[in-house]
Chemist: 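If you scroll down you'll find the structure; I have some questions about it.
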There are 2 protein chains.
Amino acid sequence: MVEKQRRRPGETREKLMNAALTLVGKERHFASLGIREVTRQAGVVPTSFYRHFRNMDDLGLQLVDELGLVLRRMMREARANVLQADKLIEESVAIFISHAQANRSFFMFMAQGLAGESRAVQEGIRSEMRFFASELANDLRRLRLVDHLTDQDLDMTADLVVRSVAFSLTDLLGVSPDDDYQIGQIRKRTTRFLQLIFVGAANWKSPG
Amino acid sequence: MVEKQRRRPGETREKLMNAALTLVGKERHFASLGIREVTRQAGVVPTSFYRHFRNMDDLGLQLVDELGLVLRRMMREARANVLQADKLIEESVAIFISHAQANRSFFMFMAQGLAGESRAVQEGIRSEMRFFASELANDLRRLRLVDHLTDQDLDMTADLVVRSVAFSLTDLLGVSPDDDYQIGQIRKRTTRFLQLIFVGAANWKSPG
DNA sequence: CAGCCCTGTGTACATTCGTACACATAAGCG
DNA sequence: CGCTTATGTGTACGAATGTACACAGGGCTG
């Protein structure tokens, strides 16, 4: 009797994933979310959840996949906008921060997941970061800014860069999105971190 | 009628805090722990919880305080054992890893708390890290290894070091405590990160 | 058009949760 | 000794949770 029109396929699934992200965006930790809570936020009946996910961990894994897309978009934009090596670091950090602001919940989920309770999610996020670092290493190789480094040392440098930026996430997500002053401070600090790392790379001599 | 002998004061409180840590050590996330769960693990009736803590966040805050003690102990040991600057980094990293292994649950709690859901716990852990970084900066100043840096740049360097080491935590806590090979890899990688940072610091010229 | 699958709903239930309350015992203190 | 305070236990209950099951309707394929 209740008339339901057919919605776009996968709509509820999206609603559920967005609901989880929304809750994460509201200071809630993903590990503490429940199925009922998420479906409530999504405006859907609890049992609908099982049509798309086996449990919350499963939903988390699918969020990691989407996170990968977000990161790739960010990488593409950075590649397009950072043309000359001059302001490379400043611009990259700025792009990162702007993406982190625009996808706050996603990045919160990422920061949480690094020490989350699902081993699979943890490994998924770690893997995304590794991929990101290896792409960064490729870009650096291509730009020939640090020509004297071995591949291995370049990988290490890229890894350290990605970690430092990722850690800045926890700073960024700890302040209000409107607090431009604090965000500017974080941007400056992150930039200096990366500059310090690159100075290190420029003067690095492989051990042995 | 049930005869209870008086235990050491604060014993139950310790049991509860240890119970929470134990659960965190078992891949559980602190944010997902419940009062009943913790009291069950502690072998105590649920209502006892309220004799010592207002809620789980409160317990978390008190754990942060204890975490401070653990960190201070580690710092003291590092200061005592790292006498000559020669192997400073290697030894410090080794001491860190050994402490992280010995207090695995504590450090897991710390890694989780950085992106946890209680703002107060988050801020507490961040504050411990700031303190740690400032102590490290003092030590570096005292050792006069990086004499040309301004105080501000030295603080930045120490901050980056602490962050890098903290991030290594998530690596470390992701592998089995018995997997000596992987742990060795993490130790080497962390060591090289710090070396890279110090090379950067040694060649750093303050902007402006 | 008939049938099936996919997706969403409603109901149901045992389990778990947080917490309130009353009570018991031991310690400290006058 | 008697009183207060701190700490622990037992019972209780309303609310929330995960999930099982039966059902409904639209879309696709035959």
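Below, chain A is the first sequence line, B the second, and so on; all start at residue 1.
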Chemist: Whether B:Thr12 contacts D:dG8 is assessed here as follows: a side-chain N or O lying under 4.0 Å from the phosphate OP1 or OP2. Is that the case?
Modeler: yes
Chemist: Report the distance from atom CZ of A:Arg51 to atom P of D:dA20, rounded to the nearest whole Å.
Modeler: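 One finds 12 Å between P of D:dA20 and CZ of A:Arg51, rounded.
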Chemist: In whole angstrom, give the distance that lies between atom CD of A:Glu11 and atom C1' of D:dG25.
Modeler: 16 Å
Chemist: Indicate, with a heavy-atom threshold strictly under 4.0 Å, whether A:Arg40 touches base, sugar-phosphate, or nothing.
Modeler: sugar-phosphate
Chemist: What is the minimum heavy-atom distance between A:Phe49 and A:Leu16, and which atoms define it?
Modeler: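 Taking every non-hydrogen atom into account, CA-CD1, 4.0 Å.
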Chemist: Hey, are B:Arg163 and A:Asp171 close enough for a salt bridge, meaning a charged N less than 4.0 Å from a carboxylate O?
Modeler: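 Result for this pair is yes, salt bridge flagged.
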Chemist: Quickly work out the A:Glu37 CD to D:dA15 P distance and round it to whole Å.
Modeler: 18 Å
Chemist: Using 4.0 Å as the upper bound for N to carboxylate O, is an ion pair formed by B:Arg76 and B:Glu135?
Modeler: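 Looking at B:Arg76 together with B:Glu135, the answer is no, because their closest N to O distance does not fall below 4.0 Å.
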Chemist: Find the distance B:Phe53:CZ to D:dG8:C1' and express it as a whole number of Å.
Modeler: 14 Å
Chemist: Nearest of C:dT7, D:dG8, C:dT9 to any side-chain atom of A:Ser48?
Modeler: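 The listed nucleotide nearest to A:Ser48's side chain is C:dT9.
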Chemist: How far apart are the closest heavy atoms of B:Gln41 and B:Thr22, and which atoms are they?
Modeler: NE2-CG2, 3.5 Å
Chemist: Going by modelled atom types, is there a donor-acceptor pair between the base of C:dT19 and the side chain of B:Arg36 at under 3.5 Å?
Modeler: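 Such a pair exists between side chain and base.
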Chemist: Roughly, in whole Å, what's the span from CD1 in B:Ile35 to C1' in C:dA20?
Modeler: 13 Å
Chemist: Quiz question: going by heavy-atom distance under 3.5 Å, is there a donor-acceptor pair between the base of D:dG10 and the side chain of B:Thr47?
Modeler: yes
Chemist: Have a look at A:Phe49 and say if it touches a base, only the backbone sugar-phosphate, or nothing, with a 4.0 Å heavy-atom cut-off.
Modeler: nothing
Chemist: Figure out the NE2/P separation between B:His52 and D:dT7, and round it to whole Å.
Modeler: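 Result: 6 Å.
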Chemist: Send over the distance from B:Leu33 CG to C:dC17 C1', rounded to a whole Å.
Modeler: 14 Å
Chemist: To the closest 0.5 Å, what do you measure between CZ (B:Arg119) and CG (B:Asp57)?
Modeler: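 These two atoms lie 12.0 Å from each other.
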Chemist: Rounded to whole Å, how long is the line connecting atom CG of B:Asn55 with atom P of C:dT19?
Modeler: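 Going from CG in B:Asn55 over to P in C:dT19 covers 7 Å.
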